[in-house]
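See structure below.
Nothing here was measured: the structure is a model prediction, and the numbers come from that model.
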Amino acid sequence: MTKKKLDWKADLTLPVGKGATKQRFTSSEGEDDLEIDTTPWGEGDLKVNESIVAHISDDANAGEAFRDLEAIAEDYEEKRRREGRKALASRETRLSRRPPQ
């Protein structure tokens, strides 16, 4: 189970409500700026320092996509803490998670 150390804030500059097609949440950890974008149909991206490190495409809705990407972000940051920030920053890291079939 993830410990949920990241503090996510909704990006209020994007449109919200029934007609909104994308929601964005931001957080930061050390030198990393993290961003989660989700859509109502269950797609989403996790960006770290403007690079996409994870993509979700088969979730049921935006809430599920956010929770999955949040867990990936927590794991990503925990791995960076364990392995050292510079070791991971020097190579491209791609993460993905597919829901069980």
Test your reading of the model: is there a side-chain donor-acceptor pair from R80 to the backbone of Y76, 3.5 Å cut-off?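 No, R80 side chain to Y76 backbone: no donor-acceptor pair under 3.5 Å.
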For G42 and A65, work out which heavy atoms get closest and say how close.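 Heavy atoms of G42 and A65 come nearest at O-CB, 3.9 Å.
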Do you know which two heavy atoms are closest between A54 and I72, and how far apart they sit?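 That would be CB-CG2, 3.9 Å.
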Within the structure provided, determine whether E77 and K5 are in side-chain contact (heavy-atom separation under 4.5 Å).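 E77 does not reach K5 side chain to side chain.
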Are any of the side-chain heavy atoms of R81 and E29 separated by less than 4.5 Å?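 Counting from C-beta outward, R81 and E29 do come under 4.5 Å.
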Which value, rounded to the nearest 0.5 Å, describes the distance between [X] atom [atom1] and [Y] atom [atom2]?
| X | Y | atom1 | atom2 | result |
| --- | --- | --- | --- | --- |
| E74 | L69 | CD | CG | 12.0 Å |
| T26 | D7 | OG1 | CG | 9.0 Å |
| D58 | E64 | CG | CD | 10.0 Å |
| D37 | I56 | CG | CD1 | 13.0 Å |
| K47 | I52 | NZ | CD1 | 5.5 Å |

Does D45 have any salt bridge (charged side-chain N to carboxylate O under 4.0 Å, His left out) partners at least two apart in sequence or in another chain, and if so, which?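 Checked D45 against salt bridge (charged side-chain N to carboxylate O under 4.0 Å, His left out); zero matches.
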In chain order, what residues pass the side-chain contact (heavy atoms from CB on, under 4.5 Å) check against [X], with sequence neighbours excluded?
| X | result |
| --- | --- |
| S28 | D33 |
| E43 | T39, W41, H55, S57 |
| W8 | L6, F25, S27, L34, I36, L46, F66, E70, A73 |

Set of side-chain hydrogen bond (donor to acceptor under 3.5 Å, both in side chains) partners for N61, sequence neighbours left out: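 Once residues adjacent in sequence are excluded, N61 has no partner under the side-chain hydrogen bond (donor to acceptor under 3.5 Å, both in side chains) criterion.
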Under a plain distance cut-off of 3.5 Å, with no hydrogens placed, do D11 and T13 share a side-chain donor-acceptor pair?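 Yes, side-chain donor-acceptor contact under 3.5 Å.
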